[in-house]
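Working notes, beginning with the structure itself.
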Amino acid sequence: EDIIVIENLNKWYGNFHVLRDINLRVKKGERIVICGPSGSGKSTTIRCINRLEEFQEGSLVVDGVEMINDVKNIETIRKDVGMVFQHFNLFPHLTILENLTLGPIWVQKKPKAEAEATAMQYLERVKIPDQADKYPGQLSGGQQQRVAIARSLCMNPNIMLFDEPTSALDPEMIKEVLDVMVELAQEGMTMLCVTHEMGFAKKVADRVIFMDAGQIVEENEPNEFFNNP
Ligand code: ADP
Ligand code: ADP
């Protein structure tokens with residue numbers, strides 16, 4: 001029941017060896033926090049999981065699908081794996097509701113009314129149902145990030161990846177985004193989160209993984225991790 005299996009993953013950017021023998025198994029429903037210094041390969045690791053990046057060596061199986069550098073499985077994996085970025089990545093010229101229904105309508109071929117009903121449910125869940133007709137630029141950073149999370153959830157993913165979801169936010173907005181992530185974790189979503197929010201890690205992570213210079217150098221339960229400087 002491992003939903004992600006990474007074995008001896010190696011990746012280079014040109015001559016630069018960015019990921020060195022990454023091995024990681026994630027069970028369904030597990031919450032993993034990945035931390036480590038800037039440039040250590042955290043983002044690259046999770047971007048390999050949904051095929052935003054290719055890799056040169058090793059194997060990666062996501063929800064039973066073997067990731068090979070073959071275009072065919074990209075679509076499958078993008079539907080199955082939701083991703084939330086540091087900078088929200090919403091479409092600025094579309095309303096919030098249109099941002100949420102774009103994938104369900106065009107990728108999943110859902111009827112518009114059904115996609116909109118689902119989108120409204122998720123906007124309620126992230127506590128901004130009143131913002132549906134606004135444009136991203138009219139929302140605060142914290143609200144935009146909650147929209148980004150809702151947009152991923154509208155695609156009904158089995159796995160959610162977060163790449164420093166609160167790093168671009170003002171301090172007062174961080175909590176409202178973390179609250180949504182905590183709820184998601186408590187509902188049993190499989191999550192991999194690159195974050196420096198150690199309070200979040202302590203609260204929900206089953207494991208904390210520490211990366212340095214392209215390697216996983218430590219892997220612990222949060223309590224061991226925080227008691228072990
Ligand atoms: P982290 O998420 O831990 O900050 P990244 O995975 O973003 O680290 O990056 C790891 C290293 O790879 C960094 O040194 C970064 O500069 C480098 N890198 C990232 N993307 C590219 C790219 N497209 N081409 C070359 N080097 C890259
Ligand atoms: P973030 O911190 O939001 O992950 P980065 O600044 O690490 O963003 O990277 C932004 C983009 O630039 C990514 O697509 C990454 O792959 C690319 N990138 C990062 N470092 C390098 C690099 N040394 N050479 C080329 N591209 C890079």
Side-chain angles (χ1 to χ4, degrees), residues 3-26 30-62 67-71 73-74 77-78 81-90 141 144-145 148-149 152 157 159-171 173-174 177-178 181 184-185 189-202 204-222 225-226 228-229:
I3 195 166
I4 300 173
V5 180
I6 303 177
E7 286 178 329
N8 300 104
L9 186 73
N10 281 275
K11 175 175 174 61
W12 287 261
Y13 286 118
N15 291 326
F16 176 57
H17 197 171
V18 60
L19 298 181
R20 300 163 175 260
D21 274 327
I22 302 293
N23 286 282
L24 180 64
R25 303 178 85 90
V26 180
E30 232 183 339
R31 284 75 44 109
I32 311 273
V33 162
I34 305 175
C35 57
S38 178
S40 56
K42 306 180 297 294
S43 179
T44 304
T45 300
I46 65 166
R47 290 164 68 90
C48 283
I49 294 171
N50 75 342
R51 291 295 310 274
L52 283 173
E53 296 281 355
E54 300 206 324
F55 55 91
Q56 287 83 22
E57 282 181 11
S59 85
L60 176 51
V61 178
V62 181
M67 296 292 106
I68 42 174
N69 291 332
D70 173 343
V71 183
N73 57 30
I74 285 189
I77 220 63
R78 292 284 160 78
V81 182
M83 179 137 178
V84 175
F85 302 87
Q86 186 174 347
H87 295 290
F88 328 136
N89 295 19
L90 301 172
Q144 288 187 62
Q145 195 60 301
I149 295 171
S152 287
I159 300 166
M160 284 287 289
L161 307 176
F162 293 85
D163 193 356
E164 304 207 22
T166 59
S167 301
L169 299 177
D170 292 333
M173 291 169 190
I174 291 177
V177 170
L178 291 178
M181 292 171 65
L184 208 53
M189 177 64 79
T190 307
M191 296 166 74
L192 275 85
C193 311
V194 174
T195 182
H196 303 291
E197 294 292 337
M198 290 302 120
F200 171 79
K202 248 181 166 162
V204 307
D206 298 299
R207 281 189 283 156
V208 178
I209 283 165
F210 191 84
M211 289 189 69
D212 193 19
Q215 291 182 300
I216 293 178
V217 293
E218 205 180 327
E219 187 183 315
N220 266 323
E221 289 178 7
F225 192 82
F226 293 112
N228 186 2

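Every number for a ligand or one of its atoms is a count from 1 in the order of the listing. When reading the values below, keep in mind they use all heavy atoms of this one structure, side chains included, and skip hydrogens, waters and symmetry mates. One is the number of the first residue; the rest follow in order along the sequence.
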Donor-acceptor contact below 3.5 Å, side chain K11 vs main chain T44:
no
Can you sort out which atoms of ligand 1 are near T44, meaning under 4.0 Å from one of its heavy atoms?
5 (P), 6 (O), 9 (O)
What's the spacing between I34 CD1 and H196 NE2 if we round to 0.5 Å?
12.0 Å
side-chain contact (heavy atoms from CB on, under 4.5 Å), that's the test. Do W12 and E57 meet it? Break it down for me.
CA-CA 9 Å; W12 287 261; E57 282 181 11; 3.9 Å; yes
Near F16, which atoms of ligand 1 are under 4.0 Å from a heavy atom of that residue?
11 (C), 12 (O), 14 (O), 17 (C)
Distance-only side-chain donor-acceptor flag, D163 / S43, under 3.5 Å:
yes
Hey, are the side chains of E53 and F55 touching, using non-hydrogen atoms and a 4.5 Å cut-off?
no
Please say whether V18 places an N or O atom under 3.5 Å from an N or O atom belonging to ligand 1.
no
Return yes when S38 approaches ligand 1 closer than 4.0 angstrom through a heavy atom, no otherwise.
yes
Hey, is P37 one of the residues with a heavy atom under 4.0 angstrom from ligand 1?
yes
Atoms of ligand 1 under 4.0 Å from any heavy atom of S40, numbered from 1 in the order shown, are 1 (P), 3 (O), 8 (O)
